[in-house]
Undergrad: 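What follows is a single structure, and I will ask about it in a moment.
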Amino acid sequence: MNYLKSIPRIVALAPLILMPVFTHAQMNHAMQPGMTMVTDTSMTEGEIRKIDKSLGKLTIKHGPIRNLDMPAMTMVFNVKDMRFLDKVKVGDKVRFVVVMDAGKMVITDLQPVE
């Protein structure tokens, strides 16, 4: 019958034991540093302003990037595939997908607009 005396202690400690389990289950792992989050891969329209083959970067004047909640502007992007740089020239109109990857904006798809 001594086990009945321990029940109030067990009940009192239960939240402390279970809290880490619930907290872990609710964590958004995609937001952890160094991890990649892709939520939307909608295409954005833009115009190539500069190509830097040595650094693997494109400068694009673009419309709003919905998946990053970014307004229209001109900025530099990294490319996932260096072959993208050979597909375009300065002044080309393009459609592209950009995602955040380890804190960098990376173009994962690029299509010239004809």
Side-chain angles (χ1 to χ4, degrees):
M1 298 281 185
N2 285 337
Y3 67 91
L4 292 176
K5 292 181 182 179
S6 336
I7 290 176
R9 283 188 229 153
I10 293 171
V11 170
L13 292 174
L16 298 175
I17 295 168
L18 296 176
M19 189 181 306
V21 173
F22 290 125
T23 303
H24 180 73
Q26 293 175 353
M27 285 178 70
N28 182 350
H29 293 285
M31 299 303 290
Q32 298 301 310
M35 295 186 78
T36 300
M37 183 175 84
V38 177
T39 58
D40 182 7
T41 57
S42 59
M43 300 292 274
T44 301
E45 294 189 9
E47 179 182 328
I48 302 295
R49 293 298 176 102
K50 182 178 177 184
I51 301 168
D52 188 336
K53 290 186 178 186
S54 65
L55 296 176
K57 297 184 180 208
L58 289 172
T59 303
I60 301 177
K61 179 180 179 182
H62 62 80
I65 301 176
R66 289 184 201 99
N67 61 307
L68 299 179
D69 195 27
M70 182 179 294
M73 65 179 78
T74 301
M75 59 186 309
V76 179
F77 298 96
N78 295 292
V79 295
K80 180 179 180 179
D81 186 339
M82 295 294 278
R83 293 177 290 185
F84 292 161
L85 304 176
D86 295 325
K87 288 179 153 183
V88 294
K89 62 184 183 310
V90 172
D92 282 356
K93 303 283 187 204
V94 295
R95 291 178 48 215
F96 63 100
V97 174
V98 62
V99 299
M100 289 299 291
D101 187 359
K104 295 181 182 180
M105 287 180 274
V106 179
I107 294 175
T108 60
D109 189 9
L110 178 75
Q111 301 171 3
V113 175
E114 299 172 9

Undergrad: When rounded to the nearest 0.5 angstrom, what is the spacing between CG in Leu110 and CE in Met43?
TA: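 Answer for the CG-CE pair, Leu110 versus Met43, is 7.5 Å.
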Undergrad: Show your reasoning for whether side-chain contact (heavy atoms from CB on, under 4.5 Å) applies to Leu68 and Met105.
TA: CA-CA 9 Å; Leu68 299 179; Met105 287 180 274; 3.9 Å; yes
Undergrad: How long is the gap from CD1 on Ile60 to CE on Met73, to the nearest 0.5 Å?
TA: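 Rounded to the nearest 0.5 Å, the CD1-CE separation comes out at 13.0 Å.
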Undergrad: Answer yes or no: is there an ion pair linking Asp92 with Lys89, defined by an N-O contact shorter than 4.0 Å?
TA: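 Looking at Asp92 and Lys89, the cut-off is met.
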Undergrad: According to a 4.5 Å side-chain heavy-atom criterion applied to Ile, Leu, Val, Met, Phe, Trp and Tyr, with indirect links allowed, do Phe84 and Met100 form part of one hydrophobic cluster?
TA: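 Looking at the clustering, Met100 is in the same group as Phe84.
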Undergrad: How about Phe96 and Phe77: are their ring centroids closer than 6.0 Å?
TA: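 Yes, close enough.
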Undergrad: About how many Å separate CZ of Arg95 and CD of Glu45, when rounded to the nearest 0.5 Å?
TA: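 Atom-to-atom, Glu45:CD and Arg95:CZ are 6.5 Å apart.
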Undergrad: Among residues two or more places apart or on two chains, list those pairs meeting side-chain hydrogen bond (donor to acceptor under 3.5 Å, both in side chains) that have a residue in residues 69-82.
TA: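 Only Asp81-Arg83 qualify under side-chain hydrogen bond (donor to acceptor under 3.5 Å, both in side chains).
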Undergrad: To the nearest 0.5 angstrom, please state how far the CD1 atom of Ile48 sits from the NZ atom of Lys61.
TA: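 Between Ile48 CD1 and Lys61 NZ, I get 13.0 Å after rounding to 0.5 Å.
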Undergrad: In terms of heavy-atom contacts, does NZ of Lys87 have more than 12 from other residues, nucleotides or ligands at under 6.0 Å?
TA: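 Correct, the count exceeds 12.
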Undergrad: Counting only heavy atoms not in Arg49 (residues, nucleotides, ligands), do more than 12 fall under 6.0 Å from its CZ?
TA: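 Buried by this count: over 12 neighbours within 6.0 Å.
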Undergrad: How long is the gap from CE on Met70 to NE2 on His62, to the nearest 0.5 Å?
TA: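 The NE2 atom of His62 is 6.0 Å from CE of Met70, to the nearest 0.5 Å.
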Undergrad: Under a 4.5 Å side-chain heavy-atom rule over Ile, Leu, Val, Met, Phe, Trp and Tyr, are Met75 and Val94 clustered together?
TA: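 As far as the 4.5 Å side-chain criterion goes, Val94 and Met75 are connected within one cluster.
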Undergrad: Asn67 side chain to Val98 main-chain N or O, any donor-acceptor pair under 3.5 Å?
TA: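 Between the backbone of Val98 and the side chain of Asn67 there is a qualifying donor-acceptor contact (under 3.5 Å).
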Undergrad: What's the shortest heavy-atom distance between Asp52 and Leu85, and which atoms?
TA: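 Looks like O-CD1, 4.1 Å.
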